[in-house]
Peer 1: 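This is the structure I want to talk about, given as structure tokens.
In what follows, every chain begins at residue 1, and chains take the letters A, B, ... in the order their sequences are listed. Atom set for the values below is all heavy atoms of this structure, side chains included, hydrogens, waters and symmetry mates excluded.
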Amino acid sequence: MPVDVELKELTAKDFASDQDVRWCPGCGDYSILAQMKKILPKLNLPKENVLFVSGIGCSSRFPYYMDTYGIHSIHGRAPAVATGVKAARPDLHVWVVTGDGDGLSIGGNHLIHAIRRNVDLTILLFNNRIYGLTKGQYSPTSERGKRTKSSPAGSIDYPLQPLCLAIGAEATFVARTHDVNVKHLASTLERAARHKGTSFVEIYQNCNIFNNHAFEYATGKDTRSDSTIVLEHGRPLIFGKEGNKGIRLNGINPEIVELGNGVKEDDLLFHDEKTPEPTLAYMLSRMYHPEFPEPIGVYRSIERPTYEGMLEDMVQNSIEQKGRGKLEDLLNSGDTWTVK
Amino acid sequence: MSTATASTDRNVNIERVDNITVRFAGDSGDGMQLAGTQLTNTSAIFGNDISTLPDFPAEIRAPAGSLAGVSGYQIHFSKERIHTPGDVCDALVAMNPAALKTNLADLRKDGVLLINIDAFTKGNLAKAGYETSPLEDDSLQSYRVFEVAIDKLTSEAAKDTGLANKALLRTKNFFALGLIYWLYGRPMDASLEWIDKKFGKSPDVASANSKALKAGFYYGETTEAFTVRYEVDRAAIKPGRYRKVTGNEAVALGLIAAANLADKTLFYGSYPITPASDILHDLSRYTHYNVKTFQAEDEIAAIASVVGAAYTGACAATGTSGPGLALKAEAIGLGVMTELPMVIVNVQRGGPSTGLPTKTEQADLLQALYGRNGECPLPVLAPRSPSDCFAMSIEAFRIAIKYMTPVILLTDGYLANGAEPWLLPDVASLPDLHVEHPKANGEAFLPYSHDERLSRPWAIPGTPGLEHRIGGIEKEDGTGNVCYDPDNHEHMINLRERKVQGIADDIPLQEVEGAEDADLLVVGWGSTYGAIISAVERANAKGQKVACAQIRYLSPFPRNLGDVLKKYKKVLVPEMNLGQLLMKLRSEYLVDAVGFNKVQGKPFQINELSDKIDEMVKG
């Protein structure tokens, strides 16, 4: 649907709905909501073309707090609902807000398939490694041994890595950010929103009630430089408080090295988010704390035709070839005969 | 009649009959469905009334010659109006021992039994569980058996096409068809034309099929074994343009028509499931009618995508069968809660669980009415014949859009795959489904305000100033804000219920057919109509006084249904389940209706209903 009205310049305020925000005080979700309102005006979209779709869980209340169109759907199904939205109306700008339980457990199947189809959605997975809304059971991303209400002796589940899954499903845009570094969060959201195709963003989000400090290592002032590594396209992988550590390939495995003593920047692994092969992105997604610094930023950003674009082309091409079907012809298609 | 049926020198008696039922049965690779459709088309074009039912195995390619691999196609053609594919067969074509074994019970005594003796090998007999060949004992003596070496004759007929013998044998269905054409005075032209069109790119294949067809026909003509042939005159059919249509085809056409009448995109999100997949296949071919099909990753994604598409303003529909409807239940509830228009087609099959995927049943009525969490009312419609699926699909969308509600359309395997002639409707007579979506008017927008029909505004994304959120949590009437207030919840529960009940003012009253002063009313729904009306016509023809009412609107019921039921001393409710409509009628109207139930994966036969009617009339 072409919009030719002059766009009013929007501000963060324009995107705030009249609903009271009901997340627990101190929840990481507030930070994500604030950054979302800030970056949306930058996208120069008519507000009425923006749509948020969510499932069930704390994060899934998100649409109620945005003064845009929105669907708070059912548990796990947001990617499928959003696929229907995009397929029917490619002109809409669609966000999916989900969590580690909603997106990876009950809705894992829909997440995989939305990603592999490359539907133009920006999927934000708020990962707090716990079920918050149901008051504290272990989730698919909880670490093994985690003691929760449903795992008093410690969880025996191996956790799932959201980015590995997204890359395995051939996501065309994959990134990780967190709720504390709001600048990084905002720029990642903006880049994800501008990507054509499925953008998958894992956001480390603190649940201060049921899993407080789960990401302290990645977000804390004292620890984050050593336990995360900021990805920059075309740049070597360097990290550490002193900026003197790097990631080097040893055969096909990454290893941590110290710069100096014969190790030069050029020996390090250089990040390439554009490479068509997902191998590098996948390897990065397998770097976990505490053995490795965890990469923050854009892992992968490649171009591929979108599902809704190809679907629309299919319809338009068939109309071009066969002419727009008329009901009279429809009824008369197939073998007909006349009784006199 | 075409020259192909010119009389022969041989002395053959011609017997005129009112109607004939033929069944082709063979291995699933023997082309029985094709032979059946050819006989159907030819008979329809000839001017008979027709009704057909394919019967295929659940296995795609069960081992050749096995009982599980038998595929059948039954066609009933008549000089009178008919409503069913026929109770028993007048002729059975058995292409192998397994086909004979599984179908013989449906052939009437003295019926024509055409057997392909080339397939009656020791191995095939063993696979079918025959210890001795039925051709060599007296087990077939009550039938008129014609033993024909179909394999050999087919190979012989088309050997000069240069095709390998294996390819030649693939045309044996046309040999059998040709013989049936001769036996029942059918012209070959339509099938010959079809062969040319279908195989035009491979002239040798086309030629082999044509030769096989003709060889079968001339075999009948020249072989002394056949001393009688039958003719069925044209039926007195309402003039107009016709096409043959199955229920699934009619649903697809109806959904497209509805979207076109609403000037909208048809979005169809569906997951493959027998026997509903053909709707998805059909719609996928009609993209130039502004149709978008989405083959979802599962049943839940299919209905979830429909909720999304409906929110954005599309005519959104999904199709499934019983197990899929069960999976879709929660998301249909979301559709009810968000008050969005959508159509859910449920092509019922034998249940529970995986049940009998390729067989028919009516056991999802209560699931359709009540199979969701919470108080979750929605309209449920049930077409009564394959062609009625067209009108009722449009009706489903009319109600969905006008009342902002999901609507379930209940068909079944029998309607889905059964075919009948369809008098094409005049496009101008179809309803206008055009929608005026709201625009901002300066006042605060209330997405959950309800009009006199209790329908809410369908405001669609892309409309400036109407930004709003919907969802599955209880909504405050008017604002649509999340609301946990107990009184509001009860109010909304009642509102959703009253909305659906109110639709009764907007649907036709229940019609009654049959005798005016009847004591017995036969009440059915869905695909049983054909057998019920036939049995009731028979009853009245022999002096009994019986009426029938086929309910097409199951939720809400037509306003007059209670009055209709109370007019009769006795009410009989035949259903292909254990009495689901019966339970509804008894509880809602306090009538002492009696059930008559058949749950075999097979439709009612007219005879079965006639016997029950006799019993009720006498009793």
Side-chain angles (χ1 to χ4, degrees), chain A residues 1 3 5 17 19 46-54 56 63-64 66-75 77-89 91-92 109-110 112-113 311-312 314-315 318-319 321-325 327-328 330-340, chain B residues 41 44-45 47 237-245 249 253 256-257 260-261 265 267 269 286-292 294 296-298 300-301 304-314 316 330-331 334 338 424-425 427 430 461-473 481-482:
Chain A
M1 217 175 269
V3 178
V5 288
S17 79
Q19 298 294 294
K47 192 170 81 158
E48 62 273 15
N49 280 13
V50 178
L51 199 151
F52 282 86
V53 184
S54 66
I56 293 293
Y64 290 127
M66 299 297 302
D67 190 30
T68 65
Y69 286 92
I71 305 174
H72 178 216
S73 77
I74 46 176
H75 208 7
R77 318 303 168 200
V81 173
T83 299
V85 167
K86 257 323 238 192
R89 288 281 303 276
D91 59 312
L92 299 174
N109 197 33
H110 309 306
I112 295 169
H113 291 279
L311 182 62
E312 185 69 29
M314 201 153 54
V315 171
S318 78
I319 289 174
Q321 282 166 18
K322 300 177 186 167
R324 174 65 168 82
L327 276 187
E328 199 72 47
L330 176 72
L331 300 183
N332 280 287
S333 61
D335 292 331
T336 61
W337 68 92
T338 303
V339 174
K340 286 182 187 133
Chain B
N41 291 348
I45 294 167
I237 295 174
K238 197 174 165 193
R241 200 165 173 76
Y242 283 80
R243 67 181 281 184
K244 187 190 64 162
V245 77
E249 285 167 356
L253 296 174
I256 299 172
N260 277 255
L261 292 165
T265 299
F267 175 83
Y286 288 118
T287 41
H288 59 297
Y289 289 86
N290 196 15
V291 174
K292 286 180 174 176
F294 168 57
E297 59 271 23
D298 59 33
I300 301 174
S305 72
V306 163
V307 172
Y311 182 57
T312 70
E330 188 196 12
L334 178 66
T338 52
L424 297 180
V427 170
L430 301 175
T463 314
L466 300 190
E467 291 84 358
H468 67 282
R469 277 66 57 195
I470 59 169
I473 301 186
N481 288 336
V482 167

Peer 1: Only pairs of heavy atoms separated by less than 4.5 Å count here; which of A:V50, A:L51, A:N332, A:I112 has the most with chain B?
Peer 2: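 Answer, by heavy-atom pair count under 4.5 Å with chain B: A:N332.
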Peer 1: Within the structure provided, determine whether B:Y286 and A:S333 are in side-chain contact (heavy-atom separation under 4.5 Å).
Peer 2: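 Counting from C-beta outward, B:Y286 and A:S333 do come under 4.5 Å.
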Peer 1: Side chain from CB out, backbone as N, CA, C, O: work out which of these in A:S54 comes under 4.5 Å of a heavy atom of chain B, or both, or neither.
Peer 2: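 Interface part for A:S54: neither.
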Peer 1: Name the member of B:V307, B:N41, B:N290 that forms the most heavy-atom pairs with chain A at distances under 4.5 Å.
Peer 2: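 Max contact count across the listed options: B:N290.
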Peer 1: A:R324 versus B:Y289: any side-chain heavy-atom pair under 4.5 Å?
Peer 2: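 Side chain of A:R324 against side chain of B:Y289, heavy atoms only: contact under 4.5 Å found.
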Peer 1: In terms of heavy-atom pairs under 4.5 Å with chain B, which of A:H110, A:R77, A:E312, A:H113 leads?
Peer 2: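 Top count of heavy-atom pairs under 4.5 Å with chain B: A:H110.
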Peer 1: With a 4.5 Å cut-off on side-chain heavy atoms, are A:K47 and B:E467 touching?
Peer 2: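 They are in contact (side-chain heavy atoms under 4.5 Å apart), so the answer is yes.
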Peer 1: For the CZ atom of A:R89 and the NZ atom of B:K292, what is their distance to the nearest 0.5 Å?
Peer 2: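 Taking CZ in A:R89 and NZ in B:K292, the distance rounds to 9.5 Å.
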Peer 1: Please classify the contact of B:A310 with chain A as side chain, backbone, both or neither, using a heavy-atom distance under 4.5 Å.
Peer 2: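 For B:A310, no heavy atom lies under 4.5 Å from chain A.
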Peer 1: Could you tell me if the side chain of A:V339 sits less than 4.5 Å from the side chain of B:K238, heavy atoms only?
Peer 2: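 No, side chains not in contact.
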Peer 1: Which bit of A:Q19 comes within less than 4.5 Å of chain B, counting heavy atoms only: side chain, backbone, both or neither?
Peer 2: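 Only the side chain of A:Q19 comes within 4.5 Å of chain B.
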Peer 1: Considering only heavy atoms and a distance below 4.5 Å, find which of A:A82, A:A80, A:G70, A:A88 pairs most often with chain B.
Peer 2: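 Of the options given, most contacts go to A:G70.
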Peer 1: With distance as the sole test, does B:R469 use its side chain to make a donor-acceptor pair with the main-chain N or O of A:T68 at under 3.5 Å?
Peer 2: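 Between the backbone of A:T68 and the side chain of B:R469 there is a qualifying donor-acceptor contact (under 3.5 Å).
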Peer 1: If you count heavy-atom pairs under 4.5 Å with chain A, which of B:T463, B:T265, B:L253 comes out on top?
Peer 2: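 With the most close heavy-atom pairs to chain A, the winner is B:T463.
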Peer 1: Where on A:L331 is there a heavy atom nearer than 4.5 Å to chain B: the side chain, the backbone, both, or neither?
Peer 2: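 Both parts, heavy atoms under 4.5 Å.
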Peer 1: Could you tell me how the ring of B:Y311 sits relative to the ring of A:Y69: parallel (under 30°), tilted (30 to 60°) or perpendicular (over 60°)?
Peer 2: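 Because their plane-to-plane angle is over 60°, the rings of B:Y311 and A:Y69 count as perpendicular.
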Peer 1: Would you compute the distance between atom CD1 of A:I71 and atom CG of B:L334 and round it to the nearest 0.5 angstrom?
Peer 2: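 Reported to 0.5 Å precision, the distance equals 8.0 Å.
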Peer 1: In terms of heavy-atom pairs under 4.5 Å, which option from B:R241, B:E330, B:K244, B:R243 contacts chain A the most?
Peer 2: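 Looking at each of B:R241, B:E330, B:K244, B:R243 in turn, B:R243 comes out on top.
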Peer 1: I'd like to check A:E48 versus B:L466 (side-chain heavy atoms, cut-off strictly below 4.5 Å). Are they in contact?
Peer 2: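 A side-chain contact under 4.5 Å is absent here.
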Peer 1: To the closest 0.5 Å, what do you measure between CD (A:Q321) and OG1 (B:T287)?
Peer 2: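 A:Q321 atom CD to B:T287 atom OG1 measures 9.0 Å (nearest 0.5 Å).
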Peer 1: Do you know which of B:A314, B:P425, B:A301 has the most heavy-atom pairs with chain A at a distance under 4.5 angstrom?
Peer 2: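 Heavy-atom pairs under 4.5 Å are most numerous for B:A301.
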Peer 1: Counting heavy-atom pairs under 4.5 Å to chain A, which of B:G472, B:A316, B:S305, B:A331 comes out on top?
Peer 2: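 Looking at each of B:G472, B:A316, B:S305, B:A331 in turn, B:S305 comes out on top.
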Peer 1: Please classify the contact between B:F267 and chain A as side chain, backbone, both or neither, with a heavy-atom cut-off of under 4.5 Å.
Peer 2: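 When you check distances to chain A, only side chain atoms of B:F267 fall under 4.5 Å.
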Peer 1: Can you tell me how far apart CH2 (A:W337) and CD1 (B:I237) are? Round to the nearest 0.5 Å.
Peer 2: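 One gets 8.0 Å once the value is rounded to the nearest 0.5 Å.
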Peer 1: Quick check on the interface: out of A:N109, A:L311, A:L330, A:T336, who has the most heavy-atom pairs with chain B under 4.5 Å?
Peer 2: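 Looking at each option in turn, the highest pair count goes to A:L330.
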Peer 1: Counting only heavy atoms closer than 4.5 Å, note whether B:V291 contacts chain A via side chain, backbone, both or neither.
Peer 2: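 It is the backbone, since no side chain atom gets that close.
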Peer 1: Looking only at heavy atoms, which two atoms of B:I470 and A:Y64 are closest? And how far apart?
Peer 2: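 Residues B:I470 and A:Y64, closest heavy atoms: O-OH, 4.4 Å.
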Peer 1: At what distance, to the nearest 0.5 angstrom, does CG of B:L424 lie from CG of A:L327?
Peer 2: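 Output value for this atom pair is 12.0 Å.
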